[in-house]
Structures are given as C-alpha cells and as structure tokens.
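We use all heavy atoms of the structure for the numbers below, so side chains are in, but hydrogens, waters and symmetry mates are not. Each chain gets a letter, A, B and so on, in the order the sequences are listed, and its residues count up from 1.
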Number of protein chains: 2
Amino acid sequence: MQLTTLSINNDSVVNCPRMIYNLSMTNGSNLRFHKPARATLKDVANLAGVSEISVSRVMRDAPNISASLREKVMTAANALSYTPNRLAGALKSQTSNQVAVVLPSMSNIVFSSVLDGIESVLSKHGLHAVLGVSEYDSQRELEVVRELLAWSPMGIILTGLHQDPAVAGMIGQLDIPVVQIMDIDGSPIGSAVGISQNEAASAAADYLYAKGYRNIGYVGAWREKPDRSRARRLTFEKRLAALGSPLIGSYISDDRSSASVGSSATAKLIEMHPELDCIFYANDDLALGGLFYAMRSGIDVPTELGVMGFNGIDIGKATPLLLSGVETPRYEMGQEAARLLLSSKFEGPQVKDLSFKIIDGETT
Amino acid sequence: MQLTTLSINNDSVVNCPRMIYNLSMTNGSNLRFHKPARATLKDVANLAGVSEISVSRVMRDAPNISASLREKVMTAANALSYTPNRLAGALKSQTSNQVAVVLPSMSNIVFSSVLDGIESVLSKHGLHAVLGVSEYDSQRELEVVRELLAWSPMGIILTGLHQDPAVAGMIGQLDIPVVQIMDIDGSPIGSAVGISQNEAASAAADYLYAKGYRNIGYVGAWREKPDRSRARRLTFEKRLAALGSPLIGSYISDDRSSASVGSSATAKLIEMHPELDCIFYANDDLALGGLFYAMRSGIDVPTELGVMGFNGIDIGKATPLLLSGVETPRYEMGQEAARLLLSSKFEGPQVKDLSFKIIDGETT
DNA sequence: AATCATCTTGGTAACGTTGTCATGCAATTG
DNA sequence: CAATTGCATGACAACGTTACCAAGATGATT
C-alpha cells in the first residue's frame, strides 16, 4: 500500500525515513514507537555514569576537566549523537551566539555583499546571523527589531543611522552591542562603520567637474528609498552649485533599481535636457543601464555623455568601457561590522570610516 | 515606606525570597542602579493583577480571552514595554519561529535572490531565517546544519540534493520539515523545489544546435564548485554528442565566477580553439564577461560567436544585445521553498518543478 | 431543579540547560 | 603535621515561558 501519492518523484519509495514513523503511528493510538528523540544532557549523563553538569562542562570545553571524564562523556555523547539544546543554554546563561542583522532589502547586491562579509566573520567565531528585512519601511523595521530582540541575540547590526527612536530604547533594555552600517554622517546608537555618503557625493561632483563636464544630470530609482541616497544627491547638487555648475536636472524612477530602469531613465532625462553631457547615477545597476543605452543609441561615451556609477560592482570592471564611479567597500563593511560587534564588549562603541575610492574609468 | 525599586523584577507581596535579597542589598555597600531590566511575564502579571498564564495567553492571542482581561494585560505590557522571551517560549513549547537556511555562498546573486524569496514569504508568517553558509564544503555544511539545528528551528532549507548522509539523520531526529532547493534530479530528504538541471542543459544544447552552431564550447568557474553545475555540463556535453556535434572544448576557471573571469576565460578558450562559434557559460556573469570581451575585441556576436548564459539576471536584459540563456526562477524558488515548508505539516513532502525558460536573445 | 457543556481564569510542573554554591581529595606549605 | 590551596566533581535552584489539569462562573438542556 502506497502512502504518498503526490510525489512526482518515483524513486521516493526508497529513502524516506519519515514514512516509517507514519506507519508505526497508525499501529495504536498511545503505542508510540519512540522516534529517536533528541538526546538530552540527562541521557548522556546516565549513559556515561556522571552528572549532568559534568556533561555540560565537557560540551562547553570548560576548564578543569579530567581526561577520563572527558573521554567517558564524549563516547556517550557520540553514541547518542547528542546535540546541545541552545535554547535552554541561552535561556539560562542569558547569552546566545546569534546576531540579529536588519537589512532594508535582499534584492540589492549591495546588501548581499554586506551580508556576505558579516557572515564570513561571524561564522569564524561560531556565531549566526538571524536575518530581518525592513523593506525600507521604518515601521516594519521597528517590528523586525522587536521580533529579533525577543531571541536575545548577542548583538545587532542595523542599516543606516535613522531608525525609529524606539529602536534604540529596545536595544538599550538588552544592553547588547549595536553596529550601524553604511553611513557615518550622523550620531550612531553604538558603533558605526561605513563611508561618509556626503564626502563621496562631493568627491564625485569634484571629479566630474575636473573632468570638464558642465551639464551634469542625476538618475535615481525607487523613490530614493534609502534616505542616504537622497542625502547623497542633495550633497551632490550642493557641491555642483558651489562649483558654479549647477545640476541640469534629475530623474528619479518609481521602480526599484535595475539596469533596465537605468536605460529608460537615461532616455527620459536626455529627452528632457538635451544639453546634458554627463549623468551621475545612484548606483551601478542604473549606470550600466545608462551605458548600455548610450551604446545602443550610438551616443559616444565619454565624449557625448559621461557615465558615473556608485559602488564599483564587478561587472562594471568587465564592460567594454571600464565604468567610472565611486567604489564602496561593501564586503569589508560587513566584515568590519561583525568585528566591531565582537570587540565592542572590550573596546566600547567606535565609528569606523572605511574610505571610498573614485574609479577613474573610461566612461568619463 | 517606599522601597525604591530599581528593578521591576520584584516579586509581589506573596512569598518572595527575592525581595528580601534585594532589601538586604539596599543597605549593602554595593548598591547598584541597574538599568531597567527586561520585563517578564511575572512583572506584567503583577502590574495587571492577573496570573502569568493569562498574560501569556493574551500575548499569544489565545482563544477565549475576555475583553477586559486583554485590556488590562495590554496596558500593563505597554507600560513595561514588555517583549516576550522567545527563548523560553520555544524551549517550553518545542516550537520556534526560526527557519534554518543553508546556502553555499552569499556572493552569488543566485542565492541572494533565493534568500530574498524565502524571506519574503517567511516574514509574512512571522518567521525568521537563520542563515548558514557552507562555502560549497560538505563537511562545513554538516557543521552548520548541526549548529543551526541546535536552535530547534521549525524547519530547514538546504541547497542541492547532495548532503552528507549524516545531515538527513540529524534532521530526522528533530522531525522537522526539510526543503531542498535548486535541483530536483535526485531523491530529496523531504520536499524539493527547483528545476531539472539536466533538462535545462539538454534544452540549451538543443537550442544552440537548432540555431545552427556546430562548434560549441563551454566556460565554467570556481572548479565547478556546486556539483550541479558539473552535472549540468556533463549533460550538456552528452546531449551535444548525441546531436552529432560534440563539444569542442571547455575551460573551467579556478576563480569564482565574475564577468572579468568570463572575459579572460573566453579569450583563453578561443585561443585554444579558434574554430569555436559559440560558448555556453555556467552562469550569466561569465556570459556577460564573454559578451563584453567580444565587443572589445571586435568579434561579432552572434555571427562570429554565440553567447549563451544561465539564470537570466536583470543586467542581461539591458545589454546592447539581449543576452540569450536559460532563465531560472530564482526568487520564486525561494518563495516556493518557504511555502512548501509551511504547508508540509499538512501536506507532507512534495517535489515541485519550477520550469525554466529559454531566452532566445540577440547573442545567439 | 439538576445536569451538562462552554467559557474564562488560575495553579503547578515541566522544557534542558547553566550559575552558584558545596564537597571530597590530592598537593603544597611554613 | 595541621593548615591552606587548588582541582575535579556534584546537588540544587534557577532562566521565562507554556502544557496540562482543575475549577468557578455562566447559560443551556432535559
């Protein structure tokens, strides 16, 4: 008699341990073939003939354990394939090895790089990232933080410096280290690591001005959802004005960033301002879209149109023309955030400026 | 007389050894002003004048709660800005709202898309992803799984079908739902969602053959770290051979995938096999690199060289030539994995084939 | 009027660990 | 040699919540 009907997978007849339990459960209502229930400290202690606390100590590599005891415990633990229950441990000891990470979005390559960096450091120290995505919504962020803090993480990493004030309060109650990433132009709750978005914007303006562009435009996307991108644009505008070459115009798409959006936005902006000779884009995806649009349309880059991106993603380094832009250390930002979290117990809150770089490419 | 309670954790009038303790501490020398410690059920219950269990029920939205009780509890909870301790809750109830997610890498856009999809569904149900990265190493994957399972997640999502056998065993002990993503050509532990990598490879071979290419090469990277990419190549080769147009040659880089690697690999492969008229790439990053290389070198695409990618990332849709390739539903894969996890309690393990699509672009 | 089901609340005992003592024993010391 | 130290182990009571059972209150049913 066949139990499963829905599987497309014919060979699922083999190798399906759970089915066996299902069979035996139908046997009798209270007669339960104990599925190999997760072993506990007590089980290991009983088998090894020692006390529970000793097992606990061996598992935690506590000091002052005799070789013989360790031996006994380890064999028993292996025999039962014991895995400690972190829930209980964390509850009692009030410390866990989880780190809450709140990012505004996972679809942006920037944040996956950051997360990659975070994970690379955390995993080396036996820690885990618990992920929360705020969707650029401050209310949602608050909820996410509350939910993540309910797990008593040993620290928390937030994106940006502008959270709802309640966030700081909630973190304060737990008294765990906080690191805010991306931006350092402001006053952080605890530590902060990132670049000065303002300086980057000014530097970009200076760079384009020095390159001789005088009719500069700007393209953004997704209604400038991260506040810091708007702040960056405003600084860019201000600096251009100060240089005596004010921004000609800008176009902010409603859609989220992508190369396609970059193409269409570029088309629209050029149509609105035919005198444009250069565009600064909110990120590299948009800039690539702009570059590709120019290539398709026979607009010569960089003479007819300068293209400048932001972030310095890998693809921009392989395009026929090396993409100019601001290079931001995204992976390193993640790494440094994790490191700061780990060290902040001893060193207290810090602000770390990972500087950006101007890529003087072939598109400007 | 006022006790000046700095700690809200003081017990009520009844039976409170702790209060005495606190009292004796107040006249001790080391009187410490703690910051407001995290409120517990007991604190809320005392303030509201109800039992702890009632508070618990209100917080969990249990049925059969009178409006007046809910009212009392909620005001008390807000006053203390109470947040339930999930650690304790999960320990007692043996269920948590965390989902373990094990991915081979975070630097690959494929997996960040998948994770995005997973998160989008999980967050709608109040669940959280706890992340583990295996770095394509099966031993490391085993460790990561063990570590994540120690938190008693309510489910686990794994990448690929080829884990160390011990993984299935460990999951079996907890008896939680498993979903394996990406590949469906094999026998999953529980549910699986993805595409048939073999069919995709065959379809790509058919497509290129139909387009008239007869001297086809292959470019991969990172020593084909995900097993499935190797399997895919082998199927691709086999199919080409069956069509009577065997693979001319292939180049597998040691470095991880990137457009730059795609460019240099393309150069090398063409040098080795000047008769090549088409290259199938292991992913779109590599393919874009190939396309850009051709554009830089004046090689006409698609007549002199056909370029076919794998995945269908957004940038390939904005390039001057629409990138041909196999489009895989990465985001949907993540979503579906999460959905399967949620439903598998009721519906049991399933295998879901999210079909791929051939993008008949301008580069072939 | 007695019985029974239903709704609402509370009391108690876990869940599986670890912190804090306490204890026994060997090694050191003046 | 008594006194002191250090090491190795154990007993017990938490950590903050929820499962389980009990019980009073209310209303419906016979």
Side-chain angles (χ1 to χ4, degrees), chain A residues 37-46 48-73 76-77 80 82-98 149-152 154 173-174, chain B residues 7-12 14-22 37-46 48-73 76-77 80 82-97 149-152 154 173-174:
Chain A
R38 188 175 180 173
T40 71
L41 273 187
K42 185 185 280 182
D43 299 322
V44 179
N46 288 157
V50 301
S51 72
E52 299 179 34
I53 185 70
S54 291
V55 178
S56 171
R57 286 200 263 250
V58 169
M59 299 313 290
R60 283 179 292 154
D61 267 327
N64 301 337
I65 300 285
S66 73
S68 75
L69 197 153
R70 164 165 286 120
E71 169 75 20
K72 275 188 287 187
V73 169
L80 300 175
Y82 167 75
T83 307
N85 185 329
R86 300 264 177 223
L87 288 174
L91 174 61
K92 176 61 192 173
S93 69
Q94 311 271 39
T95 54
S96 89
N97 64 356
Q98 295 193 330
L149 289 182
W151 286 95
S152 312
M154 61 84 69
Q173 280 195 2
L174 286 198
Chain B
S7 166
I8 41 182
N9 280 328
N10 278 331
D11 288 288
S12 59
V14 217
N15 187 17
C16 51
R18 228 193 257 104
M19 189 137 115
I20 295 161
Y21 196 74
N22 282 343
R38 188 174 178 175
T40 70
L41 271 187
K42 185 185 280 183
D43 300 320
V44 179
N46 287 159
V50 300
S51 72
E52 299 178 34
I53 184 68
S54 291
V55 178
S56 171
R57 285 200 263 250
V58 170
M59 300 312 291
R60 284 179 291 154
D61 266 328
N64 301 337
I65 300 287
S66 73
S68 75
L69 197 154
R70 163 165 286 119
E71 168 75 19
K72 275 187 288 186
V73 169
L80 299 175
Y82 167 75
T83 307
N85 185 329
R86 300 266 176 220
L87 248 33
L91 174 61
K92 177 62 191 168
S93 69
Q94 310 273 40
T95 54
S96 88
N97 64 356
L149 289 182
W151 286 96
S152 312
M154 60 84 69
Q173 280 196 5
L174 287 197

Closest non-hydrogen contact found for B:A90 with A:L87 is CB-CD1, 3.8 Å
For a 4.5 angstrom cut-off between non-hydrogen side-chain atoms, does B:L69 reach B:V58? yes
With A:T95 via side-chain contact (heavy atoms from CB on, under 4.5 Å) - residues at least two apart: A:S93
Hey, does the side chain of B:S54 come within less than 4.0 Å of C:dT9's phosphate (OP1/OP2), counting only N and O? no
List the protein contact pattern of nucleotides 16-25 of chain C with one symbol per nucleotide (5' to 3'): B for base contact, S for sugar-phosphate-only contact, - for none; contact means a heavy-atom distance under 4.0 Å. BBBB------
What pairs with A:R70 under salt bridge (Lys or Arg N to Asp or Glu O under 4.0 Å), at least two apart in sequence or on another chain? A:D61
My understanding is that only residues two or more places apart in sequence, or in another chain, count here; which of them pass side-chain hydrogen bond (donor to acceptor under 3.5 Å, both in side chains) with A:S152? B:R38
All side-chain hydrogen bond (donor to acceptor under 3.5 Å, both in side chains) counterparts of A:S56, not counting sequence neighbours: A:R60
Distance, rounded to the nearest Å, where B:N97 contributes CG and D:dT17 contributes C1': 14 Å
Salt bridge (Lys or Arg N to Asp or Glu O under 4.0 Å) involving B:R86 - partner list, sequence neighbours excluded: A:E147
Between P of D:dT17 and CG of B:N46, the distance in whole Å: 12 Å
Applying side chain to side chain contact (heavy atoms under 4.5 Å, CB included) to B:N85 and B:T40, what does each step give before you reach the verdict? CA-CA 8 Å; B:N85 185 329; B:T40 70; over 6 Å; no
Write down the distance between CG (A:N64) and P (C:dA27), rounded to a whole number of angstrom. 15 Å
What nitrogen or oxygen pairs link the protein and nucleotides 27-29 of chain D at under 3.5 Å?
none

Using five base pairs at each end, measure the axis-to-axis angle across the helix from C:dA1-D:dT30 to C:dG30-D:dC1 and round it to 10 degrees. 40°
For B:S96, all residues meeting side-chain hydrogen bond (donor to acceptor under 3.5 Å, both in side chains), sequence neighbours excluded: none
Might you work through the side chain to side chain contact (heavy atoms under 4.5 Å, CB included) test for B:V73 and B:Y82, ending with a clear yes or no? CA-CA 10 Å; B:V73 169; B:Y82 167 75; over 6 Å; no
